[in-house]
Each structure stands twice: as structure tokens, then as C-alpha cells.
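For reference, the structure discussed in these notes is given below.
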Amino acid sequence: MRLLLMGPPGAGKGTQAESLVGKYSIPHISTGDIFRTNLREGTPLGLRAKEYMDKGQLVPDNLVVSIVVDRLESLEGDSGFLLDGFPRTLPQAEALDRRLQDLGWGLDAVVNIEVPHQTIIERLTGRRVCRQCSSTYHLKYNPSQVRGICDTCGGGLYQREDDSLETVQERLEVYNRQTQPLIEYYRERGLLLSVDGSQEIPAVLNAIIVSLEK
Ligand code: ADP
Ligand code: AMP
């Protein structure tokens, strides 16, 4: 299964990815997680990306594309993948198409998780993430069993710097301007599956699986 997960920041891409990669036994490639891991490790890539992430802007296409291409080329055999948070611009989508064509791999589907604007704000400002394994929680909608501690690995939970109200507004504007046009791009290619992401987490997962298996 070769999948893209799309949707505005806070739509639930990372949350659904955690279940989908288990169900379909595919690797999860999240560009946001890759940047945050690099930042934690203090690599030049992480420090470069931070300049953009802290402002809610997109990291330049050339940096992102080369990371994803490297990841795709390092996959063993044709085992499939789930890309989360990539592509986010038209040049990224075109670069991905070219690379997949070279590899002889077609996409199976692009899942677009739709959620209203107000829901996004509430989800992002209440989001907590594990420092160690990147599992995602929400203070109200998906709390960890012990406050501040990850259920999966026992790591500490933190609030992302870019989940402040001010940066969230900028990220939503960036999404509307640069990423939303890709929905049409994939619809035209007959790949788009849209699901209602305002339902509870298990219901969204079920809607994705049903639409994938139709
Ligand atoms: P994205 O990866 O699209 O930015 P996340 O998966 O990190 O979004 O989800 C954003 C926040 O919303 C997290 O705190 C997550 O726990 C919460 N969340 C995700 N899906 C739902 C849902 N269907 N209902 C309520 N909260 C959700
Ligand atoms: P995310 O974890 O998907 O919310 O991404 C967090 C931040 O990482 C974004 O706001 C961007 O600054 C950066 N980022 C992640 N993926 C991309 C991408 N495909 N293109 C450009 N920037 C990205």
C-alpha cells in the first residue's frame, strides 16, 4: 500500500498514521517528525528547519524533497509507505511524481482528512507529543493514562512550540495558500479519498479503512 495523508495541520494525520502503519505494515514517513528528530539531535538540517518551523512557515522545497527521496530509496523492496505531511507544495508533488515514476511505483490513494477551522485550533492548542517516540495525545480528546507520560514508551510529553495560537494561525494561512491546491491536483488524477475528520478518532480510522478497501 502506497499512501499519502493530507489535511490541514491538526486534522489528525499523525494520529491516524499510528494506526494505519500497523494495520498495513508499512513505514511511516512524516517530514515534520524527521525535522523534529534532527532538531533534537542538533543536526545542521534540524537547525535550518527550525528557522521556518518556529514561524509556522514551510521548510524550502529542495531540503524536504531530498529527504523524502532518500527515505523512499532506502525502503527495502516494494514494501509500500505512508507519507504524512508531504507533499505540501506543487513543486513537492511534482518531484514526488517524478521519483515514483522512476521507481515504477504508483500511489494507491491520497487520503484527505477534512476538519473545520475552529476544530483545528482546539486540537492543536491541546496537542501533546512524546519526546521519545513522537506518539500524539490531546489533553481532552485523547489523554495519556498518566498526565505528561507517554502510554507507549513512558517518555515525557511536551507541547510543540509551533502549537501556540499565533503560530497555528500562520500555519493555517500557509496551508490554505500552498497546500490546499494539491487536493485538486490529486482529485484530477483520480487518487483522492476525502473523509470527515471531525468524528471521534476510531470513527475517522474506520472511515479511512472503508474508503481504502472499497
Ligand atoms: P496532524 O498530524 O494532522 O497535525 P495530529 O494527529 O497530531 O494532527 O492531531 C492533532 C491533535 O488533535 C492531537 O492532539 C490529537 O490527539 C487530536 N486529534 C486527532 N484526531 C482527533 C479526532 N478525530 N478527534 C479529536 N481529537 C483528535
Ligand atoms: P507537521 O509535523 O507536519 O505539522 O510539520 C511541522 C513543520 O515542519 C511545518 O510547519 C513545516 O515548517 C515543516 N514541514 C513538515 N513537512 C514539510 C513539507 N513537506 N514541506 C515544508 N515544510 C514542512
Side-chain angles (χ1 to χ4, degrees), residues 4-21 28-39 45-69 71 82-96 111-116 118-130 134-144 150-152 157-164 166-175 177-179 182 195-208:
L4 301 190
L5 266 189
M6 291 200 54
K13 300 181 295 297
T15 302
Q16 298 302 332
E18 285 174 29
S19 303
L20 292 168
V21 297
H28 178 198
I29 306 175
S30 155
T31 41
D33 282 349
I34 293 172
F35 290 135
R36 280 183 292 276
T37 302
N38 273 275
L39 183 56
L45 171 69
L47 296 172
R48 182 90 200 281
K50 181 178 161 54
E51 290 171 35
Y52 300 91
M53 293 168 82
D54 282 355
K55 291 189 225 143
Q57 292 168 359
L58 295 183
V59 175
D61 287 337
N62 60 339
L63 276 184
V64 190
V65 167
S66 61
I67 290 166
V68 173
V69 166
R71 275 291 160 107
L82 186 155
L83 270 169
D84 159 10
F86 181 94
R88 264 171 150 109
T89 64
L90 193 57
Q92 290 180 18
E94 289 168 346
L96 177 64
V111 176
N112 179 35
I113 306 180
E114 297 179 314
V115 270
Q118 194 45 45
T119 307
I120 291 175
I121 309 268
E122 203 191 353
R123 285 195 188 171
L124 287 180
T125 50
R127 171 160 66 185
R128 297 295 181 269
V129 181
C130 176
S134 305
S135 289
T136 303
Y137 299 87
H138 190 281
L139 292 178
K140 185 165 152 196
Y141 299 117
N142 186 21
S144 56
C150 177
D151 294 346
T152 310
L157 305 186
Y158 77 109
Q159 181 170 27
R160 280 171 46 176
E161 268 183 50
D162 60 348
D163 279 346
S164 67
E166 198 182 69
T167 314
V168 165
Q169 306 277 16
E170 173 64 16
R171 286 162 63 202
L172 285 175
E173 277 174 35
V174 166
Y175 170 79
R177 214 171 40 239
Q178 296 187 262
T179 308
L182 294 185
V195 297
D196 173 8
S198 63
Q199 312 168 81
E200 290 186 2
I201 293 171
V204 178
L205 178 63
N206 190 49
I208 295 176

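Every number for a ligand or one of its atoms is a count from 1 in the order of the listing.
Between G14 and ligand 1, at least one N/O pair is under 3.5 Å apart. Considering backbone and side-chain N/O of G85, one or more are found under 3.5 Å from N/O of ligand 2. Checking only distances, G12 does come within under 3.5 Å of ligand 1, N or O to N or O. Taking only nitrogen or oxygen atoms, main chain and side chain alike, A11 reaches within less than 3.5 Å of ligand 1.
Using a 4.0 Å cut-off to heavy atoms of V64, the atoms of ligand 2 that qualify are 18 (C), 19 (N), 20 (N), 21 (C). If you number the atoms of ligand 2 from 1 as listed, the ones under 4.0 Å from a heavy atom of T31 come out as 15 (C), 16 (N), 17 (C), 19 (N). Of all atoms in ligand 2, listed by their number and element, those nearer than 4.0 Å to a heavy atom of R36 are 2 (O), 6 (C). Less than 4.0 angstrom separates some heavy atom of Q92 from each of these atoms of ligand 2: 18 (C), 19 (N), 20 (N), 21 (C). Near E200, with a cut-off below 4.0 Å to any heavy atom, the atoms of ligand 1 are 23 (N). Near Y141, meaning under 4.0 Å from one of its heavy atoms, ligand 1 places the atoms 25 (C), 26 (N).
Looking at Q199 against ligand 1, only its backbone comes within 4.0 Å, counting heavy atoms. Contacts between Q57 and ligand 2 below 4.0 angstrom, taking non-hydrogen atoms only, involve the backbone exclusively. At a 4.0 Å heavy-atom cut-off, ligand 2 touches V59 through backbone and side chain alike. At a heavy-atom cutoff of 4.0 Å, ligand 2 is contacted by no atom of R127, backbone or side chain.
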Original post:
salt bridge (Lys or Arg N to Asp or Glu O under 4.0 Å) between R171 and D163: does it pass, once the steps are laid out?
Top reply: CA-CA 9 Å; R171 286 162 63 202; D163 279 346; 2.9 Å; yes
Original post:
Taking it one step at a time, do E18 and T136 satisfy side-chain contact (heavy atoms from CB on, under 4.5 Å)?
Top reply: CA-CA 9 Å; E18 285 174 29; T136 303; 3.8 Å; yes
Subject >> Intermediate values then yes/no, side chain to side chain donor-acceptor pair (under 3.5 Å), T89 and D61 >> reply: CA-CA 8 Å; T89 64; D61 287 337; 3.0 Å; yes
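Here the rule is side chain to side chain donor-acceptor pair (under 3.5 Å) with Y141, and of R127, E122, E200 only E122 fits it.
Of all the listed residues (R88, R171, M53), R88 holds the heavy atom that lies closest to atom 5 (O) of ligand 2.
Atom 4 (O) of ligand 1 has G10 N, 2.8 Å as its closest protein atom, hydrogens excluded (heavy atom only). Summary of contacts: the protein heavy atom closest to atom 14 (N) of ligand 2 is F35 CE1, 3.8 Å. At the top of the distance list for atom 18 (N) of ligand 1, counting protein heavy atoms only, stands R123 CD, 3.9 Å. Distance from atom 14 (O) of ligand 1 to its nearest protein heavy atom, with residue and atom name: Y137 O, 2.7 Å. Residue, atom and distance of the protein heavy atom nearest to atom 19 (C) of ligand 1 are T15 OG1, 3.5 Å. The single protein non-hydrogen atom nearest to atom 21 (C) of ligand 1 is I201 CG1, 3.4 Å, given as residue, atom name and distance. The protein atom (non-hydrogen) at minimum distance from atom 7 (O) of ligand 1 is R127 NH1, 2.6 Å.
Judged by distance alone, with hydrogens and angles left aside, the side-chain atoms of Q16 form no donor-acceptor pair with the main-chain N or O of P202 at under 3.5 Å. Between the side chain of R71 and the backbone N or O of I29 there is no donor-acceptor pair closer than 3.5 Å. Of the possible donor and acceptor atoms, one in the side chain of Q92 sits under 3.5 Å from a partner among the backbone N and O of R88. Counting only distance, with no hydrogens or angles, the side chain of S66 and the backbone of N62 share a donor-acceptor pair below 3.5 Å. Using modelled atom types, no side-chain atom of E51 and backbone atom of V59 make a donor-acceptor pair closer than 3.5 Å. Between the side chain of K13 and the main chain of G7, a donor-acceptor pair closer than 3.5 Å is present. A donor-acceptor distance shorter than 3.5 angstrom exists from the side chain of T31 to the backbone of G85, with no hydrogens or angles considered.
For the pair R160 and ligand 2, a heavy-atom separation below 4.0 Å is found.
The two residues P8 and V115 make their nearest non-hydrogen contact at CG-CG2, 4.0 Å. Closest heavy-atom contact between G14 and D84: CA-OD2, 3.6 Å.
Atom-to-atom distance recorded for L172:CG and I121:CD1 is 5.5 Å, nearest 0.5 angstrom.
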